[in-house]
Each structure stands twice: as C-alpha cells, then as structure tokens.
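One-based numbering along the sequence shown. The structure displayed is predicted, hence computed values, not measured ones.
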Amino acid sequence: MSTPTQLEQLHLVLGDEEFLVDRAVAQVVSQVRASAKVAAGAELPVNRLRAGDAGAAELAELLSPSLFAEDRVVVLEAAAEAGKDAVALVLDAAGDPPPGVVLVILHSGGGRAKAMTGALEKLGAVVHPCAKLKSGELIGFIRGEFRTLGVRVSPDVVQSVFEGVGSNLRELAAACSQLTADTGGKIDVAAVQRYYSGKAEVSGFDVADKAVAGDTAGAIEALRWAMLRGVPHVLLADALADAVHSIARVAPAGRGDPFRMASELGMPPWKIKKAQALAKGWTPTSVGEALRIVAALNADVKGAAADADYAVESAVGRVSRLRQI
C-alpha cells in the first residue's frame, strides 16, 4: 500500500449540517478502508474525541504509531468550541500527522476557535463543505443525489420530490435512493407521487420519534397523516426499527459523552444524544419486546401481512405503549 500524502491525511469537515457532516466522515473512512493496511479480519480503527478534550496525552495516544503499522482514522469533533491550548495541540498534530493516520477535524465554521479553519486550510487540509443549505439550494441537492446514483431525471421530478418530502436532507437523500431502487432508475412524476403525495413533512422518522418517546396518540396521528400522504409502509417500518435499534444500542451504554461513545457504538453523536434522552423510559425487557415487534413488522410490510396499514399501526401503538413515561 502506498503511504497517504500529507494532503490525504488531513481533512477539514466544515459546517454544521449533521447529515452532510456524517456523510463526509463516512466517505473519508470508506476511502481509507479501501486502501488501508488492516490485519485480516479486523476493522479499520476509527477513534473519536472532542477537540476540546484533546490534551497532549490523549493526542499522543491516538496518534502514536500502531504496533502492527495498521492505518486508522482519528476524528476530532466540535473543534469550533476548543480552547486555546487544545487548538494549539490540534494544529501541531495536523501539521505533521504520523504515517498511516488520517486526521479528520469537524468544525462548524464559527465559535471561539473560528480562526482554526484558516490555519488548517493553510496546512493543506482537504475541505468538505457541510454548511446548512438554504431553501433555494435544496433543488440542487436533490439533483445532485440523483446524479450520484447515476439517474437522470427531469426538473419536474426534482420539484416533485422537494414538494413531497420536504427540507430534511437525510429524508431527501433516502427518498432519492428509494425511488431509484424501486423504479430501476426510471423515475417520473407519477412514481414520486405514489410515494410522496402533497407536502409531506410528516415522515417515518416523525412517527418513530413519537413512538419511542411513548407518545401513543401523537404517533398514531402522525402515522395516519404520513400514510395519507403516501409514505410507503417499508419506509415507516424501517424508521421505527431504526429508532428501536438505537435505543437498544444506547441504553446499556448509559449516560456517557456521546462524542466518546460514537466510535464504540458506530453511531453519530447527535443520534446517541437523542437516544439517551429516551432510554430512561426503557427496560431490557421492553426493549427486547420492541425488537421482536419491529422484526415481525419488517416481514409484514414485505408481504407477510394481509393488511399492511393495520400491521404498521398496530406495531407503532405496541411499541409506544412499551415505554414507561
């Protein structure tokens, strides 16, 4: 394997749009994994640390040469809020990353360490822009998603996706991927409307959030609105399963720092923080039952149930009633 160049070893993820930040980090990790020297059967090591917690000892440990000369990724998060001493340590490390280490620094672009971004750019960091998009930029985002998926769509299709899904980037990306998969890339306005009719800001994620929060009435109301708007059963089931699995993974880990837990759990910090807020109402027994419910629902929405509408509504209600408020 060829050793990464200085340019490839240093990345600046700049902005505060969570979806774009998560995607940028995932892309860097994927690129490193594709060319990295990792022991057979082992995972690429990815270590996360809040930049403000980066003391000399912590950085030295993270950046020290691997015993087996294996490549790894070090992600320093929330760099915008780092203090003067931490900024100096991070910049010193960024100026000369050890062989085999790819350093990824997440910075919102503002904060007390705002000047840090310019210093990192001067050091040759690869910049990944992740600022929140303005409403006028969402059409371009949707068009770009389809282009990345290798699909050519008309302006009417792009507009229809925007009107049907809303402004959440994570949901827009999921919709483009789902439409591409289900239509074989032959997407027209009618196909979009079959999935997302009208202004559908209520999504599977909204339903799932209310369900795992124990808001039965709110979850059922949101679900019925989502189904009225044409959100597919599969997407509703997937969102509920994702929410339950997040609780199942985070609850046993306790109330630790989401940034420190991110690497261990394989989840972004914002998602861990969200699950932590809900986990206190869940027990190992109720989580286990919820996992069984969403597993059965997965089969139901893929053809096992005679009435998919009833299956989804029943599952949402049963999961929401499991949480102790």
Side-chain angles (χ1 to χ4, degrees), residues 13 18-30 33 38 41-50 53 62 72-78 104 106 168-171 173-174 177 203-216 219 234-302 312 315-325:
V13 177
E18 291 176 345
F19 172 70
L20 296 180
V21 170
D22 291 344
R23 173 178 278 185
V25 174
Q27 287 175 342
V28 172
V29 171
S30 178
R33 182 180 289 117
V38 181
E43 286 292 322
L44 173 73
V46 179
N47 301 108
R48 289 176 176 261
L49 177 71
R50 285 180 65 95
D53 297 336
L62 286 176
R72 62 197 184 281
V73 177
V74 175
V75 182
L76 298 180
E77 309 198 1
V104 183
L106 312 190
N168 184 288
L169 296 192
R170 199 175 301 275
E171 294 175 19
S177 179
S203 69
F205 296 103
D206 298 309
V207 176
D209 286 348
K210 291 180 183 296
V212 296
D215 180 4
T216 304
V234 172
L235 295 186
L236 294 166
D238 285 349
L240 184 62
D242 181 71
V244 170
H245 281 277
S246 293
I247 298 292
R249 293 167 71 181
V250 171
R255 299 284 298 178
D257 183 349
F259 291 91
R260 294 184 182 276
M261 297 165 64
S263 178
E264 179 184 350
L265 297 180
M267 297 169 62
W270 66 267
K271 197 170 187 178
I272 295 175
K273 185 176 181 180
K274 182 178 177 181
Q276 285 177 329
L278 298 168
K280 62 182 179 181
W282 290 88
T283 66
T285 300
S286 61
V287 169
E289 179 60 22
L291 288 170
R292 286 189 286 273
I293 291 171
V294 296
L297 179 61
N298 180 62
D300 286 342
V301 298
K302 293 179 179 177
V312 175
V316 167
R318 290 165 63 199
V319 166
S320 67
R321 286 188 289 271
L322 284 171
R323 185 173 188 262
Q324 299 172 2
I325 302 176

Which atom pair, heavy atoms only, marks the closest approach of Arg72 to Leu44?
-> CA-CD1, 4.0 Å

Minimal heavy-atom distance between Phe19 and Ala173, with the atoms involved, is CZ-CB, 3.5 Å

Can you tell me which residue pairs pass the salt bridge (Lys or Arg N to Asp or Glu O under 4.0 Å) test with a partner in residues 242-251, sequence neighbours excluded?
-> Asp242-Lys271

Counting distance only, does the side-chain N/O of Ser320 pair as donor-acceptor with the main-chain N or O of Gly317 below 3.5 Å?
-> yes

Decide side-chain contact (heavy atoms from CB on, under 4.5 Å) for Asp257 and Arg50; before the verdict, give the C-alpha distance in whole Å, the side-chain angles of both, and the deciding distance to 0.1 Å.
-> CA-CA 9 Å; Asp257 183 349; Arg50 285 180 65 95; 3.6 Å; yes

Salt bridge (charged side-chain N to carboxylate O under 4.0 Å, His left out) partners for Asp22, two or more places apart = Arg170

So do Trp282 and Leu322 actually touch side chain to side chain, heavy atoms under 4.5 Å?
-> yes

Please report the closest heavy-atom contact between Ala219 and Ala211, naming both atoms and the distance.
-> CB-N, 3.8 Å

Audit row: Arg260, Leu49, side-chain contact (heavy atoms from CB on, under 4.5 Å) steps and yes/no | CA-CA 6 Å; Arg260 294 184 182 276; Leu49 177 71; 3.7 Å; yes

Close side-chain approach of Leu106 and Val21, heavy atoms under 4.5 Å | yes

List for me each residue that meets side chain to side chain donor-acceptor pair (under 3.5 Å) alongside Arg318, sequence neighbours excluded, and say none if there are none.
-> none

Please list every donor-acceptor pair under 3.5 Å in which a side-chain atom of residues 284-296 meets a protein atom from a residue at least two apart or in another chain.
residue	atom	partner	partner atom	Å
Ser286	OG	Thr283	N	2.8
Ser286	OG	Thr283	O	3.0
Ser286	OG	Thr283	OG1	3.1
Glu289	OE1	Arg292	NE	3.2
Glu289	OE1	Arg292	NH2	3.0

Any residue meeting side chain to side chain donor-acceptor pair (under 3.5 Å) with Lys274, in chain and number order, not counting sequence neighbours | Asp209

For Leu236 and Gly204 the tightest heavy-atom approach is CD2-CA, 3.7 Å

Taken in chain and number order and not counting sequence neighbours, the residues that satisfy side chain to side chain donor-acceptor pair (under 3.5 Å) with Lys302 are Asn298

Val73 pairs by side-chain contact (heavy atoms from CB on, under 4.5 Å) with which of Asn47, Val104, Val25?
-> Val104

For a side-chain contact (heavy atoms from CB on, under 4.5 Å) with Met261, tell me which candidate from Lys273, Arg48, Gln276 qualifies.
-> Gln276

